[in-house]
Amino acid sequence: MATVIATYNIKGGVGKTSAAVNLAYLAARDGGRTLLWDLDPQAASTYLFRIRPRVRGGSDALIRRRTPVLAQIKATDHDRLDLLPADFSYRHMDLALDSFKHPTRRLAKVLEPLAEDYDTIFLDCPPSISLVSESVFDAADVLLVPIIPATLSSRTFDQLAELAGAAGGPRVFAFFSMVETHKALHRRVMARLRGVHQLTMLGAAIPASEDVEAMGEERDPVGAFAPASSAAMAYEALWWDLRRRLAVPA
Ligand SMILES: Nc1ncnc2c1ncn2[C@@H]1O[C@H](COP(=O)(O)OP(=O)(O)OP(=O)(O)O)[C@@H](O)[C@H]1O
Ligand SMILES: [Mg+2]
């Protein structure tokens, strides 16, 4: 059975896509059969893996299961790492979902036939609260939430606590993203949140780094083009941290 990990935050630009792309790369490198589903119509992770953002029949065909999901999957340049691309039609995915009796169960249904083909499935979510994100909460075993330790809204943690408390809901873990340790504010916020949310906050943090930004030019995970960089090592630590937590049952 595949473990489904969604990178999620209601906020935009916090590092969801960067985390999904880098962790998927590491999961595959470690020998796991890995799939990343780019759910964002902006198609950032599809672009980073050099794949055309196109799904035949669009989100409608996928969600209605009119075409086999396996036929829409593309191989990336990396062994064991596949991508289910974004498509511009995903911007209307809410509407497509809404026509079902149990709309929030649909994404899980789309993934169902893949459960034995992959060890880990990453979902890269668009920043919002919508029927799509609610469907992600239903489909995911784990929500992984990047948090910039400066622009924190208390709502983020309230929402996470709600999700984590829901019966049958995903396990929720957060990590600090785009950290600038020379800033006292970042250090203060991190210390406070780690104290209050010990079980949710992962120890590994991703530094603000030009190497992560350079992914847009390189169109590759940092681990592939700058394996000795602090950013690559931070994603490595995050991946191990997450794996360790998941090894302990909830
Ligand atoms: N650790 C980092 N250091 C520096 N820049 C970063 C870091 N992580 C992400 N970025 C940059 O910040 C921007 C947003 O990152 P990313 O796309 O990963 O966030 P996102 O949460 O997926 O955004 P969106 O909500 O738009 O999908 C990108 O230009 C990315 O290169
Ligand atoms: Mg993104």
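Read the numbers this way: they start at 1 and go in the same order the structure lists the ligands and their atoms. If you're wondering where the values come from, they're calculated on a predicted model, not measured in any experiment.
- Atom CZ of Arg64 has more than 12 heavy atoms from other residues, nucleotides or ligands within 6.0 Å.
- If you look at Asp40 next to ligand 1, the close heavy atoms, those under 4.0 Å, all belong to the side chain.
- When only non-hydrogen protein atoms are considered, atom 8 (N) of ligand 1 lies nearest to Val212 CG1, 3.3 Å.
- Close approach of ligand 1 to Val14 (heavy-atom distance below 4.0 Å) involves ligand atoms 19 (O), 20 (P), 21 (O).
- For atom 29 (O) of ligand 1, no protein heavy-atom neighbour is found at a distance under 4.0 Å.
- Exactly one of Val21, Thr17, Leu83 qualifies for a side chain to side chain contact (heavy atoms under 4.5 Å, CB included) with Asp124. That residue is Thr17.
- Using a 4.0 Å cut-off to heavy atoms of Pro127, the atoms of ligand 1 that qualify are 25 (O).
- Within a 6.0 Å sphere centred on CZ of Arg105, heavy atoms belonging to other residues, nucleotides or ligands number 12 at most.
- With a cut-off of 2.8 Å, the Mg ion (ligand 2) has an N, O or S atom of Thr17 in range.
- Atom CZ of Arg52 is surrounded by 12 or fewer heavy atoms from other residues, nucleotides or ligands within 6.0 Å.
- Against a heavy-atom cut-off of under 4.0 Å, Gly15 is close to the following atoms of ligand 1: 16 (P), 18 (O), 19 (O), 20 (P), 21 (O).
- The ligand atoms of ligand 1 that sit less than 4.0 angstrom from a heavy atom of Gly12 are 25 (O).
- The backbone N or O of Leu107 sits nowhere less than 3.5 Å from a side-chain atom of Ser135 that would complete a donor-acceptor pair.
- Between Asp119 and Arg80 there is no salt bridge, since no side-chain nitrogen of the basic residue lies less than 4.0 Å from a carboxylate oxygen of the acidic one.
- Put simply, part of Gly13 is less than 4.0 Å from ligand 1, judged by heavy atoms.
- For the pair Asp241 and Phe175, the minimum side-chain heavy-atom distance is 4.5 Å or more.
- Using a non-hydrogen distance threshold of 4.0 Å, Ala44 does not register as a contact of ligand 1.
- Of the candidates Met215, Glu217, Lys11, Met178, it is Met178 that places a heavy atom closest to atom 10 (N) of ligand 1.
- Salt bridge Asp30/Arg243: present, at least one basic N to carboxylate O contact under 4.0 Å.
- Within the listing of ligand 1, atoms 1 (N) sit less than 4.0 angstrom from a heavy atom of Ile206.
- Within the 4.5 Å cutoff, the side chain of Trp37 has no heavy atoms near those of the Ser45 side chain.
- Residue-ligand proximity: Pro207 is placed with a non-hydrogen atom under 4.0 Å from ligand 1.
- Protein heavy atom at the shortest distance from atom 21 (O) of ligand 1 is Lys16 NZ, 2.8 Å.
- Taking 4.0 Å as the cut-off, Gly216 does not count as a neighbour of ligand 1 on heavy-atom distance.
- Although no hydrogens or angles enter the test, the distance criterion places a donor-acceptor pair under 3.5 Å between the side chain of Arg106 and the main chain of Ile63.
- Atom 31 (O) of ligand 1 has Glu213 CA, 3.6 Å as its closest protein atom, hydrogens excluded (heavy atom only).
- Taking atom 4 (C) of ligand 1 as the reference point, the nearest protein heavy-atom neighbour is Ser209 O, 3.2 Å.
- Nearest protein heavy-atom contact of atom 17 (O) of ligand 1 is Thr17 CB, 3.7 Å.
- Nearest protein heavy-atom contact of atom 18 (O) of ligand 1 is Ser18 OG, 2.6 Å.
- Counting non-hydrogen atoms of other residues, nucleotides and ligands closer than 6.0 Å to NZ of Lys109 gives a total of 12 or fewer.
- Note on ring orientation: taking the six-membered ring where Trp is involved, the planes of Tyr25 and His78 are perpendicular (angle over 60°, cut-offs 30° and 60°).
- Residue Tyr235 has no N or O atom closer than 3.5 Å to an N or O atom of ligand 1.
- Geometrically, ligand 1 and Ser177 share no nitrogen or oxygen pair separated by less than 3.5 Å.
- The shortest N or O to N or O distance between Asp124 and ligand 1 is not below 3.5 Å.
- One finds a salt bridge joining Glu236 and Arg29 here, because a Lys/Arg side-chain nitrogen approaches an Asp/Glu carboxylate oxygen to under 4.0 Å.
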